[in-house]
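What you see below is based on every heavy atom in this structure, not just the backbone, and it leaves out hydrogens, waters and symmetry mates. Keep in mind it's a predicted model, so treat the numbers as computed, not measured. Atoms within a ligand are numbered from 1 in the order they appear, just like the ligands themselves. Along the sequence shown, residues are numbered consecutively beginning with 1.
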Amino acid sequence: MNTESLESALRNQDISIFAPVNAQLTDADKRSLLAVQWGLRNLYTGYTYLEIGSHLGGSLQPHVLDPHCSGIISIDARPTAVADDRVDAVPYPANSTETMLHLLRNVAGENVGKIFTIDAEASAVDLAKLPSLPHLCFIDGEHTERAAFLDYTFCRKVLRKDGVIVFHDGNIVFPALDKIVNDLKRKGENVRSYVLPSTVFVIEYGDAAIHKCDAIRELLLNNGEAYLYGLMSLLHYRDVYSSRSMQMLRSIWHFVNPVRRPWR
Ligand SMILES: C[S@@+](CC[C@H](N)C(=O)[O-])C[C@H]1O[C@@H](n2cnc3c(N)ncnc32)[C@H](O)[C@@H]1O
């Protein structure tokens, strides 16, 4: 893909850019991530992108192809099954850095050389070993409250002052997001947080005001889609919780565990 067609794909959020390597993202997620990239690359020519959880490299593709992206750090612990707060664990067969690089090389040739890979959990990474500090972090690793919070803590340490942290699957890791956003509010930090369809949760720090770009403003004006997607993904749990057959179990459960009330 030449520079002109890439610019046009990013400007128009053309998700065909994700076609070569399968990404675990909805079409709306892809559009939102392209809008974030478009907003960021207009602020920083020569940005560094850090991703936690890359699997086959699907979400790395637009950054590997982007000449404005000067470096990529891909952190992935490469387990064969990934813990998830909704289920026991999700199997991840053929989950290797070699496979990812092979697939990406077919898409982006020698551009793959700008990817620095780390096969570890983010919390175990030696910060001094990072080749550069990121302007944009994407968190899409283990989908548990604990891991999302640890990944965020790592990203916060390495993110540049005016940078952006993006979470995928905000509808799953929302207890960690709630903790993070409240903590930022309590400390009076200069941040904005918002959600884009389907499940892309964005935190902008300082002067990284990417929401001012048209692509994101447009998505924000219609972010009812993101709100509903998140709530509908939880409907199953409400149905089970409210069912008659669960009443007895519920009263025992609440006797032992007081109701968590994150809502204010
Ligand atoms: C949902 S997939 C990532 C999908 C990818 N971002 C995409 O859009 O195609 C999750 C990835 O996180 C990795 N992972 C799981 N637990 C992790 C952890 N604790 N630290 C870092 N990576 C982890 C898995 O190996 C897997 O490749």
Ligand 1 N/O within reach of F138 N/O, cut-off under 3.5 Å: no
N or O contact, N95 vs ligand 1, cut-off under 3.5 Å: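 The answer is yes, given that N95 and ligand 1 share an N or O pair closer than 3.5 Å.
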Contact with ligand 1 for L56, non-hydrogen, under 4.0 angstrom: no
Close approach of A147 to ligand 1, heavy atoms, under 4.0 angstrom: no
Test ring pair (Phe, Tyr, Trp, His ring centres under 6.0 Å) applied to H63 and F138, step by step: CA-CA 12 Å; H63 298 281; F138 181 50; 8.4 Å; no
Between [Y] and [X], is there a salt bridge with N-O shorter than 4.0 Å?
X	Y	result
R31	D27	no
R146	E142	yes
E189	R156	yes

Neighbour count >12 (heavy atoms, 6.0 Å) for atom CG, D126: yes
Tell me, which protein residue and heavy-atom name are nearest [atom], and how many Å apart are they?
atom	answer
atom 17 (C) of ligand 1	E142 N, 3.7 Å
atom 19 (N) of ligand 1	E121 OE2, 3.4 Å
atom 10 (C) of ligand 1	D140 O, 3.2 Å
atom 8 (O) of ligand 1	S59 OG, 3.3 Å
atom 23 (C) of ligand 1	A77 N, 3.8 Å
atom 26 (C) of ligand 1	D76 OD2, 3.6 Å

With D239 via salt bridge (Lys or Arg N to Asp or Glu O under 4.0 Å) - residues at least two apart: none
Residue list, salt bridge (Lys or Arg N to Asp or Glu O under 4.0 Å) with D169, at least two apart or on another chain: none
Taking only heavy atoms of [X] into account, list the atoms of ligand 1 that are under 4.0 Å away from them.
X	result
A23	9 (O)
V82	15 (C), 24 (C)
R78	25 (O)

Identity of the nearest option to atom 9 (O) of ligand 1, non-hydrogen atoms only, from Q24, K30, H55: Q24
Geometric class of the Y92/H55 ring pair [parallel <30°, tilted 30-60°, perpendicular >60°]: perpendicular
Aromatic ring pairing H254/Y241, orientation class (parallel under 30°, perpendicular over 60°, tilted between):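 Perpendicular, since the angle between the ring planes exceeds 60°.
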Ligand 1-proximal atoms of L25, by part, heavy-atom distance under 4.0 Å: side chain
Between S5 and N2: side-chain donor-acceptor atoms closer than 3.5 Å: yes
